[in-house]
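We count ligands from 1, going down the list as the structure has it; atoms in each ligand are counted the same way.
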Amino acid sequence: MSASEAVPREENSREEVAESPGCSPSPRDPTRGQTLTGLTHECGVFGCIATGQWPTQIDVAQVICLGLVALQHRGQESAGIVTSQGNSTKHFNVHKGMGMISTIFNDDAMKKLKGNLGIGHTRYSTSAASEEVNCQPFVVHTNHGALAVAHNGELVNCEKLRRKVLSRGVGLSTHSDSELITQALCLSPPEGEGDTPDWPARIKHLMALTPLSYSLVIMEKDRIYGVRDPYGNRPLCLGKIVSMVQSKDDDSDQEPEGWVISSESCGFLSIGARYVREVLPGEIVELTRKGVKTISIVDRPDNKPQSFCIFEYVYFARSDSIFEGQMVYSVRMQCGRMLAKESVIDADIVSSVPESGTAAAHGFARESGIQFAEVLCKNRYVGRTFIQPNTRLRQLGVAKKFGAISENVMGKKIILIDDSIVRGNTIGPIIKLLRDAGAKEVHIRVASPPLKYPCYMGINIPTREELIANKLDPKQLAKYVGANSLAYLSLEGLVKAVRHGIKIKDESKIGHCTACLTGEYPESIDW
Ligand SMILES: O=P(O)(O)OC[C@H]1O[C@H](OP(=O)(O)OP(=O)(O)O)[C@H](O)[C@@H]1O
Ligand SMILES: NC(=O)CC[C@H](N)C(=O)O
Ligand code: SF4
Ligand SMILES: [Mg+2]
């Protein structure tokens with residue numbers, strides 16, 4: 001039985017929606033990063049400002065570049081950095097390009113990026129093609145000086161906002177929702193009032209026009225604003241750069257040498273920064289050479305619940321990042337523990353599909369008391385996204401990523417944990433590899449529930465018909481991929497695991513988007 005024979009084709013709701021003229025006229029544009037496995041990521045934003053005397057001793061561009069390298073897993077299509085000396089409203093240094101950060105920012109590029117503050121972006125396109133013209137940060141020159149904007153997310157009411165901006169006589173040069181945000185920020189707030197350089201008011205105005213989904217870093221002459229949408233759908237956090245010469249034991253009282261703002265905290269230690277806190281849902285923070293302050297916290301429409309993307313925990317984020325006061329690694333372990341509680345089976349070893357499945361496998365092993373052993377080696381030089389012309393080569397492509405550690409596999413009953421099954425391209429070839437290496441039984445346990453619905457908030461989830469969970473139930477899927485059994489973590493189990501380590505217990509102050517699992521979206525879509 002082939003997966004496509006198993007059930008009738010499902011309608012692709014996202015493509016239908018997107019056929020109407022909007023910001024995303026061709027979400028299946030072949031020039032966008034194609035992927036064979038998994039979900040594709042969502043962009044990383046980063047900002048840095050030096051405190052104290054300017055010109056600073058800190059190499060701001062270097063800090064941003066390293067910050068972006070730490071966020072590379074969030075987008076590999078293009079990247080950009082914009083810096084400012086802080087003394088001119090007219091001049092920003094800009095360097096953007098297609099490809100990976102290490103190739104875009106060579107020595108020549110870094111030399112021209114001098115500055116005391118700056119922002120950066122690494123992109124996985126969700127709206128508008130993966131082309132140079134859509135690279136971020138976007139820079140515009142306004143009546144009140146230059147403005148640079150970097151965006152992670154996707155606007156759910158893009159079409160409406162686009163009409164509004166166009167109706168004000170603004171011309172847009174791309175289909176990118178991030179350019180739209182940049183231009184919407186330039187509208188005078190609120191409409192009808194004078195054209196003042198009040199950027200916080202303009203940001204609030206933008207937030208009133210569009211509630212979801214964005215984490216933004218915005219730079220004007222001498223300051224950076226960090227903005228998280230009122231649902232808190234995409235992550236954003238603050239860190240401080242501490243002196244390297246002082247004692248590492250207690251840097252809590254140290255005067256920071258600079259501030260950073262980032263989609264994730266994973267790179268902070270490697271750039272000499274310390275995690276400070278998350279930017280709150282709806283919060284606008286202002287970073288200046290004097291420090292960080294909250295400008296405002298914008299409410300969600302109709303007091304709807306928060307909606308932080310639960311898949312940041314499952315797959316997107318790096319394990320060493322912190323969200324909601326807990327490390328992503330610990331949450332993944334907890335998911336594995338929960339999975340063991342729900343669907344343990346007698347076996348010799350527990351193992352994982354590296355990378356993202358590994359923390360959950362350790363949790364599963366600890367909870368079940370079955371020892372963990374590695375069974376797969378992942379070839380780090382086979383990228384996440386590469387294009388192959390047909391299914392057989394695609395599947396071989398996945399197999400090429402892995403080798404079996406035969407000594408751990410031979411004659412064993414194995415419980416194999418992966419964090420998610422999306423198209424189902426990864427797991428089948430891996431099971432074959434393990435069987436060829438002598439595995440006696442392979443039982444698949446998935447540390448998230450079946451993925452059934454598309455995402456409209458900055459993640460490129462395959463079409464409904466491409467999602468294997470819409471075609472095969474767990475029993476059918478086990479048969480299709482050659483497993484002895486297969487079980488997913490329940491939705492309740494996932495939510496419980498995610499909330500296990502969150503200190504805030506007040507339900508009105510936490511909330512997670514699970515729309516790709518349930519079909520219940522935080523906001524209706526108006527593309
Ligand atoms: O069902 P599929 O469509 O094959 O996708 C699912 C796989 O894709 C992801 O891994 P990926 O190799 O992208 O990255 P990782 O190293 O972070 O696990 C995910 O962790 C699953 O292993
Ligand atoms: N993945 C993202 O967050 C993408 C941001 C924006 N929608 C773009 O396509 O550039
Ligand atoms: S639909 Fe899924 S991937 Fe998209 S924001 Fe919600 S939880 Fe995250
Ligand atoms: Mg994986």
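Ligand 2 has no nitrogen or oxygen under 3.5 angstrom from a nitrogen or oxygen of His121. For a threshold of 3.5 Å applied to N or O pairs, the pair formed by Gln136 and ligand 2 contains at least one separation below that value. For ligand 1, the polar-atom distance check finds no N/O of Ser420 at less than 3.5 Å from any of the ligand's N/O atoms. Close N/O approach between Val422 and ligand 1 is found [any backbone or side-chain N/O within under 3.5 Å]. At a 3.5 angstrom cut-off on N or O pairs, Ser127 counts as close to ligand 2.
Using a 4.0 Å cutoff on heavy atoms, Ser125 counts as a contact of ligand 2. Residue contacts with ligand 2: Asn134 is excluded, as none of its non-hydrogen atoms falls under 4.0 Å. Residue contacts with ligand 1: Lys401 is included, with a non-hydrogen atom under 4.0 Å away. Ligand 2 has no atom lying under 4.0 Å from any heavy atom of Arg234. Gly424 counts as a contact of ligand 1, since one of its heavy atoms falls under 4.0 Å from the ligand.
Ring centroid separation for the pair Phe46 and His121 does not come in under the 6.0 Å cut-off.
Residues passing the side-chain hydrogen bond (donor to acceptor under 3.5 Å, both in side chains) test with Glu441, sequence neighbours excluded: His443.
Closest heavy-atom approach to atom 5 (C) of ligand 2 within the set Gly458, Gly153, Ser263: this belongs to Gly153.
The CG atom of Leu434 lies 9.0 Å from the CG atom of Asp436; values are rounded to the nearest 0.5 Å. For the atom pair Phe105 CZ and Cys65 SG, the distance stands at 6.0 Å (nearest 0.5 Å). Distance check: Ile415 CD1 to Ser351 OG gives 10.5 Å after rounding to the nearest 0.5 Å.
With Pro522 as reference, Met457 is the one residue of Met457, Gln306, Arg300 to meet the side chain to side chain contact (heavy atoms under 4.5 Å, CB included) rule.
Annotation: cation-pi geometry satisfied between Arg228 and Phe308 (NZ/CZ under 6.0 angstrom from ring centroid, within 45° of ring axis).
A salt bridge links Arg234 with Glu312: at least one charged nitrogen is closer than 4.0 Å to a carboxylate oxygen. The pair Asp473-Lys475 does not meet the salt-bridge criterion, since no charged nitrogen lies less than 4.0 angstrom from a carboxylate oxygen.
In summary, the atoms of ligand 1 found under 4.0 Å from a heavy atom of Asp418, numbered by their order in the structure, are 20 (O), 21 (C), 22 (O). Every atom of ligand 2 with a heavy atom of Arg123 under 4.0 Å away is listed here by number and element: 8 (C), 9 (O), 10 (O). Distances below 4.0 Å separate heavy atoms of Ser356 from the following atoms of ligand 1: 15 (P), 17 (O), 18 (O), 20 (O). Atom numbering of ligand 1 starts at 1 in the shown order; those under 4.0 Å from a heavy atom of Asn425 are 1 (O), 2 (P), 4 (O). Less than 4.0 angstrom separates some heavy atom of Lys378 from each of these atoms of ligand 1: 12 (O), 14 (O), 15 (P), 16 (O). The Ile421 neighbourhood of ligand 1 comprises atoms 1 (O), with distances under 4.0 Å to a heavy atom of that residue. Against a heavy-atom cut-off of under 4.0 Å, Asn152 is close to the following atoms of ligand 2: 2 (C), 3 (O).
Both the backbone and the side chain of Cys43 come within 4.0 Å of ligand 2, counting heavy atoms alone.
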For Glu132 and Ser78: C-alpha separation, side-chain torsions, deciding distance, then whether side chain to side chain donor-acceptor pair (under 3.5 Å) applies. CA-CA 8 Å; Glu132 197 120 10; Ser78 63; over 6 Å; no
Walk me through it: do Glu342 and Ser490 pass the test side chain to side chain donor-acceptor pair (under 3.5 Å)? CA-CA 8 Å; Glu342 290 183 1; Ser490 68; 2.6 Å; yes
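The aromatic rings of Tyr313 and Phe323 stand perpendicular to each other, their planes meeting at an angle above 60°, with 30° marking the opposite boundary.
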